[in-house]
Engineer: 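Below: one structure in structure tokens.
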Amino acid sequence: MEAAGARTRAAARRRGRRLRGPATLKEQRDPQPGGRLLQRRIEEDQEEAVFREVVSFTPDPLPVRYYDKDTTKPISFYLSSLEELLAWTPNMEDGFNVALGPPECRQPPLSSRRPRTLMCHDMMGGYLDDKFIQGSATQNPYSFYHWQYIDIFVYFSHHTVTIPPVGWTNAAHRHGVCVLGTFITEWKEGERLCEAFLAGDERSYQAVARQLVLIAQFFRFDGWLINIENSLSVSTPAPGAWPAGPCAPRGPSIALLGLIRPVPATAALPPSQLEPAPTPLPLHREMDVLHRGVQKPCALSFASLAPSRRPLLCSRRMCGFLHAAFPFHCVLSFPDCCVHVLPASERTESRTSGWTLCSTAVGLRGFRDQDPFAPGVKCPPVCPVPGASHDRPLWASRKVCLLPCLQLAAVGNVPHFLRYLTTQLHQQVPRGLVLWYDSVVSSGQLTWQDELNEHNRVFFDSCDGFFTNYNWREEHLERMLGQAGERLADVYVGVDVFARGNVVGGRFHTDKSLELIRKHGFSVALFAPGWVYECLEKGDFFQNQDKFWSLLERYLPTHSICSLPFVTSFCLGMGTRRVCYGQEEAVGPWYHLSAQEIQPLFGEHRLEGDGRGWVKMHCCLEDAWNGGSSLLIRGLIPPEVGNVSVRLFSLQVPVPPKVFLSMVYKLEGPSAVGVALELTTGDAGSCHVGGISALSAETSSRRSPRPLRVPPTKLAKWVGRCGQQLSGGWVQRCYEVNLRGCLLQALFVNFSRPPGSQEEENFVCRLGEIQVVDANSLLTPLPQVQAVTVSQVRWQPAASEGESGPAGLRLSCTLHWAYLLPHVRCFRIHCCRGSGGDSPCRGPSEPEKPTLLGLAFVNRYRIVDLAVAPAEPGRDGRVEFLVEPIPKEGFLVPRAEWGRAAMLYSTPRT
């Protein structure tokens, strides 16, 4: 049955809306004849918005940039051109790709001088299954989980602007790892792109930089790797600028410019006595040029000093003099003659103060082995100028040659672009980073150096760090020590894990590269460690992944998380089924990067000395407590010791006065081994421990928390499972810790032999969840999900299961809601399907159990191809959507606090 207020989809589109929103109060009071009101219902103190929809199969495609063209699932995207970059502005569709928040607090901070580890993820062109923002049903996807070793994650592809898929950003940020996108130009198309924004004035490259900053700020990632892998132009005369004649250049020339004070022609001052100008000229200025006594206007665009594309034909003494004496240098093309220019606006002031702009040109027909600044050296008479004096040193000449308009050098603007981008990013993105890849050198040539040196140092000085190419040797590292100075940690020495080219190490010998890099104190950039997935057997992926990183472990310092709450279910963001607190919800493969939880310090740990005790940790997809996986711990307790323990997490958390800890675990087989959670605290001298016995007197003290057997009444609904045997054989232990002035440094799990046992004890244990929560945070009321709306509806017919029954429907739509994201870990989206006006999720008898649709990490979710029954004649079909917030503390929220929206749908009148 169709209400009078309902509109066809075509009419709704003409009004710019897909659905009629919740009814206003006026609509509730003033019913329209011939139909039922759209209404907002209040049930069980929960506001529910009710929307009405008339089923229509009219196609209404969504933007292909943001949605998969086949499924309409939201996807992460890239930008393929400069035009797309400059045209991009944030809109509603971009909201799916926004990360949940900035990187978690970590120690040491990224700004410390400790050598860092960068992981550059380049896999088969990028944007594979990881592009599906809400996940996919992928079998055997690539998964990365050794985050504690990583400081910076770069998502790399060969698209011009690579925006990291939000799943990677969420997973990295959860571990305190910053995420960079990639801005890349390549080959001839890259040259054209660079000329378009670098060979103009500052407005061009600043516009590009501002867009890059805006994109990083909006999508909440942390910066950019800049990779210019094509040649860049040096300055050249504008077409037609040079008149025919003796002054016309016969080859490339170099002009070095600087402000110096004129001196008498007969003076021979050493470079140390030349005074630099107090301020350099602006980078772009209209100037007058004196030529044969006539003033002519000419626009000059300056660029940074760079070697010529051809050998610079001047003596070392001359070049050193210019570097030492001039406050700035510029690379321009000149004829082989002396040129002096004086800005018209500063001519009077300059004459009074004695400053003028001096330049000297050295070209293929220039000075060669002579020192042009020595007394008596004459200007080479290659370019005769009437009235020009050639019997004085060049720096004392007062005449000029014709200076045509020059095109700006693209390579000369790169440092300005990098500095502007870096400055703007630091202002808008906390702890933002801009890195430069070793490709173009300061002459504009594409010449990989495999090191930081004088040819690319100008780019390093203009941003936060330098990523070297991969074909280096130890002598390159030794040379870089002098170039990097105090910024050793800002040099990321590239290691191609695929071992392509003439490289050190690679593959399972990558540790050889890291040994040399760390020996010299540099950071490392691991390129494409997904080699273990791309080139080896998929069925052995987890074993190969663990082997690869275990070989590097000694060279990879870890970082610590330093904020509460600290909660993890060890989920990898993938699995063969979905589990919620021990209850299986769905069977089948799934892959959702944003759902990856904080991962521990994987590896194998053995007792010191001659003891035979050991503990190994692995990912486990076979069983899970919450999500798709758990942590599998195998070990052996030798007869000579009473217990073994393994560190799970490194932390640096100032502990509040009262902390609640929880551990969910399960022992396999008939083992009677004891399992306990332990923690270490620093600042032992001032750390006051209440109610916990200390196991050692070290500066970093190991504590065994007291079990929390009877939780406080206000917390009972969250910790009601403590101490109980749960479904699937899981056990939850809860602890209360009272500390003052302490720093929580690490979490351990301890395995102890059964009382009276003298035998060797093997054990297999699965950890399902760890929680460390400030007790006060559990007493703070949670916000409610509000203003749930439905939009972008698409209907499709579904094949009927039987010939006699009506064909089913497939519903796709987008949910939006309001909630404070800093409070949330994720949202679980459910639905209930029924008919008529009653809620199937809250029926008078047995309510229907909601069906889990998926997870969201922003305030929106796209429902795709949901099977619903067709509306019966004279009755409305009904589907109800529920938004369940999962707070950061990891506890379940009562259903009364979920967000709700219902849709009533009907067939059109015939």
Side-chain angles (χ1 to χ4, degrees), residues 129 132 134-141 143 145 167 542 567-599 618-633 662-669 717-733 764-771 825-833 840-841 846-857 861 863-867 880-887 890-895 898:
D129 295 309
F132 292 101
Q134 297 175 177
S136 64
T138 305
Q139 289 186 334
N140 302 319
S143 176
Y145 45 88
F542 288 103
V567 179
T568 180
S569 67
F570 304 98
C571 179
L572 292 174
M574 58 178 289
T576 57
R577 59 188 185 130
R578 289 181 184 269
V579 181
C580 181
Y581 299 104
Q583 300 295 321
E584 186 176 85
E585 292 186 308
V587 177
W590 64 277
Y591 175 57
H592 195 328
L593 272 171
S594 289
Q596 187 181 88
E597 299 284 352
I598 299 175
Q599 298 299 307
H618 306 278
C619 302
C620 177
L621 298 176
E622 297 175 1
D623 204 352
W625 164 251
N626 188 29
S629 59
S630 56
L631 180 66
L632 181 64
I633 305 178
S662 169
M663 177 177 64
V664 177
Y665 70 94
K666 175 166 59 174
L667 283 169
E668 298 291 320
K717 62 180 179 180
W718 284 292
V719 293
R721 298 185 300 263
C722 292
Q724 299 181 12
Q725 188 80 21
L726 306 174
S727 62
W730 295 96
V731 177
Q732 183 170 14
R733 295 282 184 257
V764 178
C765 178
R766 301 181 194 275
L767 289 188
E769 187 175 63
I770 297 287
Q771 292 174 289
R825 187 178 177 189
C826 69
F827 300 95
R828 288 161 49 88
I829 312 301
H830 310 264
C831 79
C832 296
R833 287 159 283 200
C841 292
E846 187 70 20
E848 176 186 333
K849 182 181 178 180
T851 300
L852 178 68
L853 299 178
L855 304 178
F857 293 82
Y861 185 82
I863 296 166
V864 177
D865 289 340
L866 176 65
E880 187 170 341
F881 303 110
L882 300 95
V883 180
E884 175 190 6
I886 304 297
F891 301 114
L892 291 174
V893 172
R895 192 181 296 184
W898 298 6

Engineer: Got a sec: does the CD of Q139 have more than 12 other heavy atoms crowding it under 6.0 Å?
Structural biologist: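 No, not enclosed.
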Engineer: Look only at the side chain of Q599 and the backbone of C571, and say whether a donor-acceptor pair between them is shorter than 3.5 Å.
Structural biologist: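 Yes, Q599 side chain to C571 backbone: donor-acceptor pair under 3.5 Å.
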Engineer: With distance as the sole test, does R833 use its side chain to make a donor-acceptor pair with the main-chain N or O of A867 at under 3.5 Å?
Structural biologist: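 Side chain of R833 to backbone of A867, a donor-acceptor pair under 3.5 Å: yes, one is there.
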Engineer: State the CD1-CD1 distance between I829 and I863, to the nearest 0.5 angstrom.
Structural biologist: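 One gets 7.5 Å once the value is rounded to the nearest 0.5 Å.
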Engineer: Taking only residues two or more places apart in sequence or in another chain, which ones pass salt bridge (Lys or Arg N to Asp or Glu O under 4.0 Å) with R825?
Structural biologist: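 Listed in chain order: E597.
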Engineer: Taking R766's backbone N and O only, do any of them form a donor-acceptor pair with W730's side chain (distance below 3.5 Å, no angle check)?
Structural biologist: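 A pair under 3.5 Å: no.
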Engineer: Where does the angle between the aromatic ring planes of W625 and Y581 fall among parallel (under 30°), tilted (30 to 60°) and perpendicular (over 60°)?
Structural biologist: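 Rings of W625 and Y581: perpendicular, as their planes differ by over 60°.
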Engineer: Does any non-hydrogen side-chain atom of F132 lie less than 4.5 Å from one of T138?
Structural biologist: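 Side chain of T138 against side chain of F132, heavy atoms only: no contact under 4.5 Å found.
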Engineer: With sequence neighbours left out, write down each residue that passes side-chain hydrogen bond (donor to acceptor under 3.5 Å, both in side chains) with S569, or none if nothing qualifies.
Structural biologist: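 Applying side-chain hydrogen bond (donor to acceptor under 3.5 Å, both in side chains) to S569 gives none.
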Engineer: Taking CD in E622 as the centre, count heavy atoms belonging to other residues, nucleotides or ligands within less than 6.0 Å. Is the count above 12?
Structural biologist: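 It does not: E622 CD has 12 such atoms or fewer within range.
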Engineer: Looking only at the side chains, is there a donor atom on one of S662 and E769 sitting less than 3.5 Å from an acceptor on the other?
Structural biologist: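 No - no donor-acceptor pair under 3.5 Å links their side chains.
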Engineer: For E584, what residues pass the side chain to side chain contact (heavy atoms under 4.5 Å, CB included) criterion, not counting sequence neighbours?
Structural biologist: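 Listed in chain order: R577, V587.
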Engineer: Please answer whether the main-chain N or O of L572 pairs with a side-chain N or O of S629 as donor and acceptor at a distance below 3.5 Å.
Structural biologist: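 Present.
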